[in-house]
Enquirer: 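Input: one structure, supplied below.
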Protein chains: 2
Amino acid sequence: MIREFFKSFGVFSEEEIDEIESYFTKRSIKKNEVFLQEGTKCTEIAFVVKGIYRSYYTGSDGVETTYCFCFPGSLMSSYSAFISGEPSSETLQALTDAEILVVKKTDLDQLSENSFKWMHVLKTIAEQQYVALEQRIFQLQREGASEKYNTLLERQPIYIQKIPLHYLASYLGISQRHLSRIRKGV
Amino acid sequence: MIREFFKSFGVFSEEEIDEIESYFTKRSIKKNEVFLQEGTKCTEIAFVVKGIYRSYYTGSDGVETTYCFCFPGSLMSSYSAFISGEPSSETLQALTDAEILVVKKTDLDQLSENSFKWMHVLKTIAEQQYVALEQRIFQLQREGASEKYNTLLERQPIYIQKIPLHYLASYLGISQRHLSRIRKGV
DNA sequence: TTGATTTATAGACAAATGTCCTCTTTGACA
DNA sequence: TGTCAAAGAGGACATTTGTCTATAAATCAA
């Protein structure tokens with residue numbers, strides 16, 4: 001799975017992907033355990049093999065807001081904290097028992113500083129992350145609550161099946177009460 | 001101004017910046033003129049020297065939503081369209097008489113394919129864009145309308161002075177009627 | 001200057017959404 | 001298995017926000 005992920009960038013040879021794989025260490029995480037805690041630095045990045053993760057941040061009022069979810073086949077980190085080196089404003093927590101492949105940020109930094117291919121891949125990742133966020137901005141900005149839910153149903157039906165509703169509501173920027181209403185079709 | 005911009009990445013020599021400058025062509029644009037039209041491909045990127053630009057997209061209902069604003073000292077393009085090569089979903093329009101420095105996308109693509117420094121700079125730009133969007137997500141997701149307006153007042157007071165309110169309202173994802181109420185302090 | 005357009009405010013009302021609370025179901029686990 | 005916590009639905013009501021409309025002020029072009 002991780003091989004396909006790195007192949008998809010279309011720049012690495014089989015041998016290089018062998019080497020890439022060797023940088024990653026397998027780790028198992030139990031439900032509700034935290035991979036990265038708000039306020040700490042992001043020193044490693046994970047590739048999700050199994051399970052679902054949730055990223056959330058805590059407002060000044062203490063309320064937790066769900067920023068996003070991570071599914072198998074994709075990278076997981078507090079990307080802003082990874083980029084900046086500053087303490088993370090997000091917490092990454094497993095919603096189910098999970099399995100990840102972990103790589104040190106220092107390894108990645110070193111690779112990118114010394115390899116054009118890696119620099120290229122990390123640029124591509126940054127761009128992909130940007131495009132994904134733009135889509136969310138469009139949604140948060142112009143859609144009403146029920147449209148948001150329907151868009152989610154269409155584009156990411158797996159979200160609805162696997163994730164507790166109050167997290168989804170928070171992700172969509174609405175209250176759980178209201179999401180319940182929407183689901184009822186009112 | 002554009003020299004400072006490229007110097008800020010900390011990788012280019014004075015001579016290289018001379019060369020970079022030579023890729024850019026000056027262009028004047030009148031108020032309300034369009035730099036990039038929704039549905040067309042993004043073949044050039046601009047550095048804003050003077051004036052304010054607005055990026056907006058049109059929903060299936062025909063309503064225009066303001067995605068962001070561009071001020072002097074920063075790059076302007078439909079970044080998603082620039083990345084993907086697909087037709088832009090945004091229109092870039094001058095809100096005032098403006099002056100920009102334009103570079104061809106093909107030039108930039110060629111530079112990044114052949115230069116580690118450029119690849120590095122473009123990666124950095126992508127990351128900066130990501131971080132800025134994340135901040136907006138946080139705001140759109142968890143803040144109420146009046147908080148959004150106050151945050152805007154604090155962080156980007158220049159927005160409020162220079163930009164018509166209905167664009168600001170659209171940018172914040174609220175109606176102009178409501179923004180007017182908020183300003184009145186109700 | 002004059003007239004037209006844009007910009008900002010605001011009243012009245014309807015619709016959307018949030019808060020607080022309760023109840024039922026489900027699932028985890030001791 | 002029994003108990004407890006988590007998850008989801010929903011009633012009642014308050015608040016927020018949107019829509020439609022009108023008006024005044026500001027801006028701009030002829």
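Order of the sequence lines sets the chain letters (A, B, ...), proteins ahead of strands, with each chain counted from 1. Only heavy atoms go into these numbers, but all of them, side chains included; no hydrogens, no water, no symmetry mates.
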Enquirer: Less than 4.0 angstrom from a charged side-chain N to a carboxylate O is my criterion; do A/Asp18 and A/Arg3 meet it?
Expert: yes
Enquirer: Taking the side chain as every heavy atom from C-beta outward, state whether B/Tyr171 and B/Ile163 have any pair of such atoms under 4.5 Å apart.
Expert: no
Enquirer: What pairs of residues pass the side chain to side chain donor-acceptor pair (under 3.5 Å) test when at least one of them lies in residues 143-152 of chain A, not counting sequence neighbours?
Expert: A/Glu143-A/Thr151, A/Tyr149-A/Arg183
Enquirer: Has A/Lys105 got its NZ or CZ under 6.0 Å from the middle of the six-membered ring of A/Phe82, at an angle within 45 degrees of the ring axis?
Expert: yes
Enquirer: Just grab all the salt bridge (Lys or Arg N to Asp or Glu O under 4.0 Å) pairs involving residues 66-79 of chain A, residues at least two apart or on different chains.
Expert: none
Enquirer: With side chain to side chain donor-acceptor pair (under 3.5 Å) as the criterion, how do A/Tyr57 and B/Gln141 come out once you've worked through the C-alpha distance, each side chain's angles and the decisive distance to 0.1 Å?
Expert: CA-CA 11 Å; A/Tyr57 55 96; B/Gln141 203 183 7; 2.9 Å; yes
Enquirer: Listed by chain and number, what are the side chain to side chain contact (heavy atoms under 4.5 Å, CB included) partners of B/Val11, not counting sequence neighbours?
Expert: B/Phe9, B/Lys117, B/His120, B/Val121
Enquirer: A/Ile182 has an atom CD1; how far is it from atom C1' of C/dG18, in whole Å?
Expert: 12 Å
Enquirer: What protein N or O atoms touch nucleotides 13-15 of chain D N or O atoms at under 3.5 angstrom, if any, and at what distances?
Expert:
none

Enquirer: What are the residues of residues 141-168 of chain B, sorted by number, that bring a heavy atom to within less than 4.0 Å of DNA chain D?
Expert: B/Ala145
Enquirer: Is any NZ, NE, NH1 or NH2 atom of the basic residue among B/Glu14 and B/Lys7 found under 4.0 Å from an Asp or Glu carboxylate oxygen of the other?
Expert: yes
Enquirer: Applying side chain to side chain donor-acceptor pair (under 3.5 Å), run through B/Glu134 and A/Tyr67 and close with a yes or a no.
Expert: CA-CA 9 Å; B/Glu134 187 179 274; A/Tyr67 174 52; 3.3 Å; yes
Enquirer: How does DNA chain C read in dot-bracket, base by base from 5' to 3', with Watson-Crick or G-U pairs under 3.5 Å and | used when the partner is on another strand?
Expert: ||||||||||||||||||||||||||||||
Enquirer: Can you give one letter per nucleotide of nucleotides 25-30 of chain C, 5' to 3': B if a protein heavy atom sits under 4.0 Å from the base, S if only from the sugar-phosphate, - if neither?
Expert: ------
Enquirer: Transitive ILVMFWY cluster of B/Tyr56 at side-chain heavy atoms under 4.5 Å: who else is in it?
Expert: none
Enquirer: Quick one: list whatever passes salt bridge (charged side-chain N to carboxylate O under 4.0 Å, His left out) with A/Lys30, sequence neighbours left out.
Expert: none
Enquirer: Who clusters with A/Met76? Use side-chain heavy atoms, under 4.5 angstrom, across I, L, V, M, F, W and Y, and order the result by chain and number.
Expert: A/Ile29, A/Phe35, A/Leu36, A/Val48, A/Tyr53, A/Leu92, A/Ile100, A/Val102
Enquirer: Check the distance between D/dC28's C1' and B/Leu95's CG and give it to me in whole angstrom.
Expert: 16 Å
Enquirer: At a heavy-atom distance below 4.0 Å, what parts of residues 169-178 of chain A sit against DNA chain D?
Expert: A/Gln176, A/Arg177
Enquirer: Rounded to the Å, how far apart are B/Asn32 CG and C/dT5 P?
Expert: 14 Å
Enquirer: Would you call A/Arg54-A/Glu64 a salt bridge at under 4.0 Å N-O?
Expert: yes
Enquirer: Between P on C/dT9 and CG on B/Leu179, what's the gap in Å once rounded to a whole number?
Expert: 8 Å
Enquirer: Would you say the ring centroid of B/Phe24 lies under 6.0 angstrom from that of B/Phe47?
Expert: no
Enquirer: Not counting sequence neighbours, list each pair that qualifies as a side chain to side chain donor-acceptor pair (under 3.5 Å) and has a residue in residues 153-165 of chain A.
Expert: none
